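Here is the structure we will look at.
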Amino acid sequence: MNILLILGHPKPNSFNGAIAEQSKAVLEKLGHETIFHDLYQERFDPVLPADEENLPDDELPAFLQEHLRHFKEAEGIIFVHPNWWGGPPAILRGWLDRVVRGNSCYQFTKDGVVSHVGGKIVQIFSTSNTPRDVEMNVYGDPMENFWKIVVFGLLGTKSFERRNFESVIVSTPEERQGWLAEVATILKRRFGKR
């Protein structure tokens, strides 16, 4: 399987970085071709220039053409990122703005949205410092709504799942090791050989 792994955290030695490393290792053991993009290390520019939105795909800057190709060709997609203000970091939101392009990945028609990239298996690994009960009872889990309904509800997906790890700021090394083991278990279940 061709899998795209996207990390959206500024510190490679963060727990998000550890999740990405664990994901790469598990996917490699499962025999998948994995393409990894660490958006901060690549210095991905999240700002969508005014004239870029209507450019044909083949006139995009080379790095964007590469990201677009990786996204479109991927059978599975894994995003790893923190929850900042109820959503993914700006760099990841900007990645969506610039890579998941109208008329290339989806199209608006009189009958609704037509996806050109549906059928993917999507896994989100997010982290937060907000306790789960507060996230659900006070905020209504905006991150779940964003990924599941706003993004992949529009694009269509074969299978969607999100696992949030919290509260990272007060977690112990033992808890984090347990969470990394859970990442492995989830990936083996979702991306294991069928």
Side-chain angles (χ1 to χ4, degrees), residues 1-44 46 67 70-71 74-96 120-148 150-152 157 159-194:
M1 187 180 282
N2 183 350
I3 299 177
L4 177 60
L5 172 61
I6 303 284
L7 173 60
H9 195 287
K11 298 178 183 174
N13 61 347
S14 66
F15 183 61
N16 281 256
I19 292 171
E21 288 299 319
Q22 174 78 317
S23 298
K24 283 194 301 185
V26 170
L27 295 169
E28 183 178 289
K29 284 182 184 175
L30 292 172
H32 297 302
E33 179 183 339
T34 304
I35 296 170
F36 176 60
H37 286 288
D38 180 334
L39 299 182
Y40 281 94
Q41 293 302 305
E42 292 178 19
R43 298 189 176 280
F44 185 90
H67 278 264
H70 291 164
F71 178 73
E75 299 166 83
I77 300 177
I78 301 167
F79 291 98
V80 181
H81 64 84
N83 178 342
W84 286 352
W85 298 103
I91 199 167
L92 188 48
R93 293 289 295 255
W95 183 90
L96 290 169
K120 299 179 185 305
I121 298 171
V122 178
Q123 177 66 50
I124 310 292
F125 290 120
S126 56
T127 61
S128 66
N129 292 326
T130 305
R132 185 72 181 151
D133 59 334
V134 173
E135 189 72 33
M136 294 300 294
N137 297 330
V138 176
Y139 304 119
D141 202 355
M143 184 80 73
E144 181 85 5
N145 292 334
F146 172 75
W147 283 117
K148 186 175 185 177
V150 176
V151 177
F152 288 103
T157 182
S159 174
F160 174 92
E161 191 173 306
R162 176 175 157 257
R163 171 61 167 103
N164 188 68
F165 300 100
E166 77 281 322
S167 295
V168 174
I169 199 166
V170 295
S171 64
T172 65
E174 294 76 22
E175 285 174 307
R176 291 190 293 275
Q177 284 304 311
W179 291 339
L180 291 175
E182 187 178 346
V183 166
T185 299
I186 290 169
L187 293 178
K188 288 173 187 173
R189 173 174 51 82
R190 303 207 65 224
F191 296 99
K193 299 284 185 197
R194 298 182 199 279

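Computed from a predicted model, the values in this text were never measured in an experiment.
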Q. Who passes side chain to side chain donor-acceptor pair (under 3.5 Å) against K24, sequence neighbours left out?
A.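 Per chain and number, K24 pairs via side chain to side chain donor-acceptor pair (under 3.5 Å) with E21.
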**Q.** Whether F152 and F71 hold their rings parallel, tilted or perpendicular, with breakpoints at 30° and 60°
**A.**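 Judged by the thresholds at 30° and 60°, the geometry between F152 and F71 is tilted.
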Q: Among residues two or more places apart or on two chains, list those pairs meeting ring pair (Phe, Tyr, Trp, His ring centres under 6.0 Å) that have a residue in residues 163-186.
A: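 Ring pair (Phe, Tyr, Trp, His ring centres under 6.0 Å) check on residues 163-186 returns F15-W179, F165-W179.
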Q: Please check if atom CD in E175 has more than 12 non-hydrogen atoms from other residues, nucleotides or ligands closer than 6.0 Å.
A: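 Buried by this count: over 12 neighbours within 6.0 Å.
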Quick one: are [X] and [Y] in side-chain contact, heavy atoms under 4.5 Å?
X	Y	answer
L187	F125	yes
L39	H67	yes
I19	L180	yes
Q123	I3	no
F146	L96	yes
M1	I121	yes

Between [X] and [Y], what is the shortest heavy-atom contact and its length?
X	Y	answer
R190	V122	NH1-O, 2.8 Å
A184	Q22	CB-NE2, 3.7 Å
T157	K120	OG1-O, 2.6 Å
P88	R93	CG-CD, 3.6 Å
S23	V183	OG-CG1, 3.8 Å
L5	A20	CD2-O, 3.7 Å

Kindly compute the distance separating [atom1] ([X]) from [atom2] ([Y]), expressed to the nearest 0.5 Å.
X	Y	atom1	atom2	answer
T127	N16	OG1	CG	4.0 Å
I35	L27	CD1	CG	12.0 Å
Y40	L92	OH	CG	8.5 Å
M143	K148	CE	NZ	15.0 Å

Q) Ion pair present between D141 and R162, side-chain N to carboxylate O less than 4.0 angstrom? A)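 R162 and D141: salt-bridged.
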Donor-acceptor pairs under 3.5 angstrom involving side-chain atoms of residues 74-83: please list them, not counting sequence neighbours.
{"residue": "E75", "atom": "OE2", "partner": "N2", "partner atom": "N", "Å": "2.9"}
{"residue": "H81", "atom": "NE2", "partner": "W147", "partner atom": "NE1", "Å": "3.0"}
{"residue": "N83", "atom": "OD1", "partner": "G86", "partner atom": "N", "Å": "2.9"}
{"residue": "N83", "atom": "OD1", "partner": "G87", "partner atom": "N", "Å": "3.4"}

Q | Name of the residue among R189, K188, R163 meeting salt bridge (Lys or Arg N to Asp or Glu O under 4.0 Å) with E182 | A |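 Filter result, single survivor: R163.
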Q: Say whether, by atom type as modelled, one donor and one acceptor occur between the side chain of H32 and the main chain of F191 under 3.5 angstrom.
A: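 Side chain of H32 to backbone of F191: a pair is present.
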Q. Under 6.0 Å between the ring centres of F44 and H37?
A.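 No: the rings miss the under 6.0 Å criterion.
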